[in-house]
Number of protein chains: 2
Amino acid sequence: MCDFNNIIPLMENFKNNKKYIAILNTSRELFWKHGVRRVTVEEICREAKTSKMTFYRFFPDKIELAKKVLDLFYEESLLNFRKIIRDDSSASVKMQKMIQMKLEGSNEISNEFIQDFLISANLGLTSYFEEKLKVIWAAGIKEFKLGQDEGWIRKDLNIEFLFFFSQKIIPVLNDKDLLNLFSSPQDLIVEVANLIIYGIAPKE
Amino acid sequence: MCDFNNIIPLMENFKNNKKYIAILNTSRELFWKHGVRRVTVEEICREAKTSKMTFYRFFPDKIELAKKVLDLFYEESLLNFRKIIRDDSSASVKMQKMIQMKLEGSNEISNEFIQDFLISANLGLTSYFEEKLKVIWAAGIKEFKLGQDEGWIRKDLNIEFLFFFSQKIIPVLNDKDLLNLFSSPQDLIVEVANLIIYGIAPKE
DNA sequence: TAATTATTATACTTTATTTGTCTATTTAAA
DNA sequence: TTTAAATAGACAAATAAAGTATAATAATTA
């Protein structure tokens, strides 16, 4: 008699909805380029070929959409990260893949996007971002600790330190003069990966 | 008794004014990234470390500023172009330099910027842009005709055709597979320049 | 130094844009 | 055919941006 499916909103069915996905993709692109502040709901709808009413059926407002975009981005990044960590290649290759990923920047959040999360406190995104970052950071560290358990990362390594270190080292790797020491970027990546994995001691 | 210098506004003295230059540079950067529409006067002032009042002393509004930015960009581009054309290197080297310039995109107007000139008719920039383009186009053609007079460009070449052609050819040169046929991008540029200058006939 | 001029910060009004909601219609699916 | 989903357009309310006025400060120059 009483079918609750008709009463309780089918929240998570959105995921497969074409329009919902179109809005997410379009907004991600626009947010990436220009940040949240500069992009209007109307613009997103126009680009995603949807109407405003449909937009508001899915998202209460632009800010919540931005949060969702951030969520999905992190989810995706973590998945990529996990795939490399749990991959059954050697430690050195894993590290190479991670460096590659970092260099390509495919896992990098755009500057314009992040600015609106961090700087313009007015949008109310700052704390959300910080919370999210903490969670992701923890998840990433957990993955690395897995590597310690599996034995291909030494147990006395400070993972938190490694994370900070890897953030700082990327610009250095993009140095033109450094690149010239190698016959290809790939060779540089291998060299760095080996340094990180094996240090400077000879492999026994 | 009557000093007209005090009455007639010293219009063109702006050119050397620090603040004026700061506003132009800042706005160019912002317009380049986001287009005119998305950038606010207040934002420009903030970035250029100047006040709104100073802004309005130099420019009646954002649109006039955008026009000025376009003007200066074209002026600069034409100067670069002229420098190459009137340079006393060989025809082939001239062409190499021009191709290089095109590839670097340093003389390319940004897409975001141009969008606001072309698409959003509301800003009233479209006709201004078209007029300007005509003038620059003509100036460019005139430079090339100089080359014809000087004898290093054959007299029966249709310069207008060459212009269209060179616009279309750039993306082709950025093709990865094409680049792989050469040991360096520079070699590709030399090859293309030689083709344009000498055609396929052997140099006598 | 005093006078002049340029610049700024702030507050404020006006104008324009954006938001979010409401309809009446159209389109698509069951 | 009925039901649900999506759209276009109009709209009031909220927000943001433009542009002006004023008083206070800093920088120049005579």
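Just so it is clear: chains get the letters A, B, ... in the order the sequence lines come, proteins before strands, and each one is counted from 1. Worth saying up front: this structure is predicted, and the values here are computed from it rather than measured.
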Practice prompt. Assign the ring pair B:F59 / B:Y20 to parallel, tilted or perpendicular, where the plane angle (0 to 90°) is split at 30° and 60°.
Written response: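 Ring orientation, 0 to 90° scale: parallel.
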
Practice prompt. Describe, in one word, how the ring planes of A:F31 and A:F113 are oriented to each other, choosing from parallel (under 30°), tilted (30 to 60°) and perpendicular (over 60°).
Written response: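 Rings of A:F31 and A:F113: parallel, as their planes differ by under 30°.
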
Fill in: Most 5' of B:K49 and A:E43 on DNA chain C, judged by nearest nucleotide
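Checking each residue's closest nucleotide, the 5'-ward one belongs to B:K49.
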
Could you check how far [atom1] of [X] sits from [atom2] of [N], rounded to whole Å?
X	N	atom1	atom2	answer
B:I23	C:dA6	CD1	P	15 Å
A:R46	D:dA8	CZ	P	12 Å
A:K62	C:dT17	NZ	P	15 Å
A:I44	C:dG20	CD1	C1'	14 Å
A:I63	D:dT15	CD1	P	12 Å
B:F55	C:dA6	CZ	P	19 Å
A:N17	D:dA4	CG	P	16 Å
A:D61	D:dA14	CG	C1'	13 Å

Practice prompt. Look only at the side chain of B:K19 and the backbone of B:K49, and say whether a donor-acceptor pair between them is shorter than 3.5 Å.
Written response: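 The answer is yes, because a donor-acceptor pair under 3.5 Å joins these two groups.
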
Worksheet entry | Any donor-acceptor pair under 3.5 Å from A:K94 side chain to A:I84 backbone | no

On the nucleotide [N], are OP1 or OP2 found under 4.0 Å from the side-chain N or O atoms that [X] carries?
X	N	result
A:K52	C:dG20	no
B:T54	C:dA6	no
A:T50	D:dT7	yes
A:K19	D:dT7	yes

Fill in: Salt-bridge present (A:R46, A:E43; N to O < 4.0 Å)
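Between A:E43 and A:R46 there is no salt bridge, as every charged N stays at least 4.0 Å from the carboxylate O atoms.
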
Worksheet item: What nucleotide, of D:dG19, D:dT7, C:dT21, holds the atom closest to the side chain of A:Y56?
Response: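 My answer, after comparing the listed nucleotides, is C:dT21.
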
Discussion item. Quick check for you: among D:dT20, D:dT7, C:dT19, whose closest atom lies nearest to any side-chain atom of A:M53?
Written reply: D:dT7

Worksheet entry | Crowding at NZ, B:K83 (>12 non-hydrogen neighbours, <6.0 Å) |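 For B:K83, atom NZ is not crowded (no more than 12 foreign heavy atoms under 6.0 Å).
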
Item to complete: Check the side chains of B:E130 and B:T126 for a donor-acceptor pair under 3.5 angstrom, ignoring hydrogens and angles.
Response: no

Discussion item. What does the B/S/- profile of nucleotides 24-30 of chain C look like, 5' to 3', with a 4.0 Å heavy-atom cutoff to protein?
Written reply: -------

